[in-house]
Amino acid sequence: MLLRANNITVHYAKAMAVDNVSIEVGEGSLVAFIGANGAGKTTILRALSGLHPLTSGEIWFRDKRIDGMRIHDIVRQGLIQVPEGRRLFPDLTVQSNLRLGAYIRKDKRAVERDMEDVLERFPRLKERRGQKAGTMSGGEQQMLAIARAVMARPKLLLLDEPSLGLAPLIVEELAPVIRSINDMGAGVILVEQNVPLALKLAERGYVLHLGKVIHEGPIDELRDSEAVKKAYLGG
């Protein structure tokens, strides 16, 4: 098992944001968290990344307990997050942003090989490798944020609302990018309010409501669930 969270609970001050949630992500799998705003999806990602402490529970990554571990040490384990809002360095070029994604790596030759590979996988970024990130479109910036994370060679990639604010045509371009990263062997947790996109990509899903998991299972079961259709697909 790549990642296992056991009965995790998270508070913001006295307010409970995540209530006794357990999740599992297998090696190389793509798992979706589905739910409305305030469901607890982003809070779970922040807890997994060490950005917010647990009130209770445990998080295990590759057979090592990581809750309470320092953030940069979690990153070194191979757990990488692409946060909502991209968080690029807008005054740096595309290529400089990509290099920063590999800052924890010491294998300089391999980093250069990965740089060329990433630019081939993201042809728009290759065209704009010398352009400042802040001058690109929203879709291009999202691609750069994901590509920067790939430069870290993640074992597990956490994607927080990657389609947010993007035009439908750009979202269509984003889907095969996420799939290709998963095909490279990285596990992926996809947090999405765009439920059709999540159902299209994921193998397994967790449906959250007010900090609790209310449904979980293979994605086909969630796709056929009347409760999920009614709540999230307008069925």
Side-chain angles (χ1 to χ4, degrees), residues 1-12 15-52 54-67 74 78-84 154-164 175 178-179 181-183 185-235:
M1 190 61 61
L2 181 61
L3 179 134
R4 186 175 70 254
N6 298 329
N7 306 113
I8 62 172
T9 295
V10 180
H11 285 79
Y12 288 108
M16 183 178 292
V18 175
D19 183 10
N20 198 38
V21 165
S22 295
I23 60 172
E24 291 186 346
V25 180
E27 292 279 352
S29 63
L30 203 165
V31 174
F33 292 174
I34 298 167
N37 277 335
K41 307 184 303 296
T42 293
T43 300
I44 293 175
L45 292 194
R46 288 178 59 83
L48 297 178
S49 300
L51 294 168
H52 198 89
L54 301 182
T55 304
S56 61
E58 299 177 351
I59 300 171
W60 292 79
F61 182 63
R62 307 181 77 200
D63 297 323
K64 181 178 292 186
R65 187 171 176 180
I66 62 170
D67 55 281
I74 293 175
L79 195 155
I80 310 295
Q81 181 169 352
V82 179
E84 181 184 335
K155 299 294 187 299
L156 177 61
L157 183 63
L158 312 182
L159 295 175
D160 193 0
E161 301 285 6
S163 74
L164 187 66
I178 296 171
R179 173 62 68 195
I181 293 168
N182 185 230
D183 289 343
V188 177
I189 294 180
L190 174 64
V191 163
E192 263 298 342
Q193 289 188 63
N194 184 333
V195 176
L197 176 64
L199 295 178
K200 176 181 178 180
L201 290 172
E203 306 160 14
R204 183 175 178 82
Y206 292 84
V207 181
L208 290 110
H209 179 68
L210 298 179
K212 293 185 177 183
V213 173
I214 58 172
H215 294 280
E216 65 175 280
I219 211 68
D220 288 341
E221 291 183 10
L222 297 186
R223 189 181 291 116
D224 295 336
S225 165
E226 290 302 320
V228 173
K229 289 179 182 178
K230 183 176 180 180
Y232 302 106
L233 299 178

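Note: hydrogens, waters and symmetry copies are ignored here, and every other heavy atom, side chains too, is used. Along the sequence shown, the residues carry numbers beginning at 1.
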Given side chain to side chain contact (heavy atoms under 4.5 Å, CB included), test Leu45 with Val191 step by step and report yes or no. CA-CA 8 Å; Leu45 292 194; Val191 163; 3.6 Å; yes

What do the steps show when you test Glu58 against Ile8 for side chain to side chain contact (heavy atoms under 4.5 Å, CB included), and what is the final call? CA-CA 6 Å; Glu58 299 177 351; Ile8 62 172; 6.0 Å; no

Apply side chain to side chain contact (heavy atoms under 4.5 Å, CB included) to the pair Leu3 and Trp60, showing each step before the final yes or no. CA-CA 6 Å; Leu3 179 134; Trp60 292 79; over 6 Å; no

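Here the closest heavy-atom approach between residue Leu2 and residue Gly187 is recorded as CD2-CA, 4.1 Å. In plain terms, the two heavy atoms of Gly211 and Val21 that are nearest each other are O-CG2, 3.4 Å.
Applying the salt bridge (Lys or Arg N to Asp or Glu O under 4.0 Å) test to residues at least two apart or on different chains, none of the pairs has a partner in residues 1-11. Under the salt bridge (Lys or Arg N to Asp or Glu O under 4.0 Å) criterion, the residue pairs touching residues 18-37 are Asp19-Lys212, with sequence neighbours excluded. For residues 197-208, the pairs satisfying side chain to side chain donor-acceptor pair (under 3.5 Å) are Arg204-Glu216, with sequence neighbours left out.
Taking the side chain to side chain donor-acceptor pair (under 3.5 Å) definition, one finds that Arg62 meets it with nothing, sequence neighbours left out. With sequence neighbours left out, Asp220 forms a side chain to side chain donor-acceptor pair (under 3.5 Å) with Arg223. Among residues two or more places apart in sequence or in another chain, the side chain to side chain contact (heavy atoms under 4.5 Å, CB included) test is passed with Leu197 by Ser163, Val171, Ala175, Glu192, Asn194, Leu201. A search for side chain to side chain donor-acceptor pair (under 3.5 Å) contacts involving Asp63 returns nothing, not counting sequence neighbours. Applying the side chain to side chain contact (heavy atoms under 4.5 Å, CB included) rule to Glu84 yields the partners Thr42, Asp160, Glu161, Leu164; only residues at least two apart in sequence or on another chain are considered. The side chain to side chain contact (heavy atoms under 4.5 Å, CB included) test applied to Thr55 returns Thr9, His11, not counting sequence neighbours. Under the rule for a side chain to side chain donor-acceptor pair (under 3.5 Å), the partners of Asp67 that lie at least two apart in sequence or sit in another chain are Arg65. Scored by the ring-ring contact (aromatic ring centres under 6.0 Å, His included) test, His52 finds Tyr12 as partners (sequence neighbours excluded).
When side chains are defined from C-beta on, Leu159 counts as touching Val188, because their heavy atoms get closer than 4.5 Å. In this structure, the side chains of Leu48 and Ile23 come closer than 4.5 Å at one or more pairs of heavy atoms. Annotation: side chain of Leu190 is in contact with side chain of Pro162 (closest heavy-atom distance under 4.5 Å). The closest side-chain heavy-atom distance from Leu157 to Ile181 is below 4.5 Å. Residues Ser49 and Leu79 meet the side-chain proximity criterion, which asks for heavy atoms closer than 4.5 Å. Between Val25 and Leu156 there is a side-chain heavy-atom pair separated by less than 4.5 Å. Within the 4.5 Å cutoff, the side chain of Ile59 has heavy atoms near those of the Leu54 side chain.
Distance check: Ile189 CD1 to Leu158 CG gives 5.0 Å after rounding to the nearest 0.5 Å. Between Ile219 atom CD1 and Glu221 atom CD the span is 10.0 Å, to the nearest 0.5 Å. The line from CG of Asn7 to OG of Ser22 is 3.5 Å long, rounded to the nearest 0.5 Å.
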Can you give me every donor-acceptor pair (side chain of residues 28-41, partner residue at least two apart or in another chain, under 3.5 Å) with its distance?
residue : atom : partner : partner atom : Å
Ser29   : OG   : Gly26   : N            : 3.1
Ser29   : OG   : Gly26   : O            : 2.8
Asn37   : OD1  : Gln193  : NE2          : 2.8
Lys41   : NZ   : Gly35   : O            : 2.9
Lys41   : NZ   : Ala36   : O            : 3.0

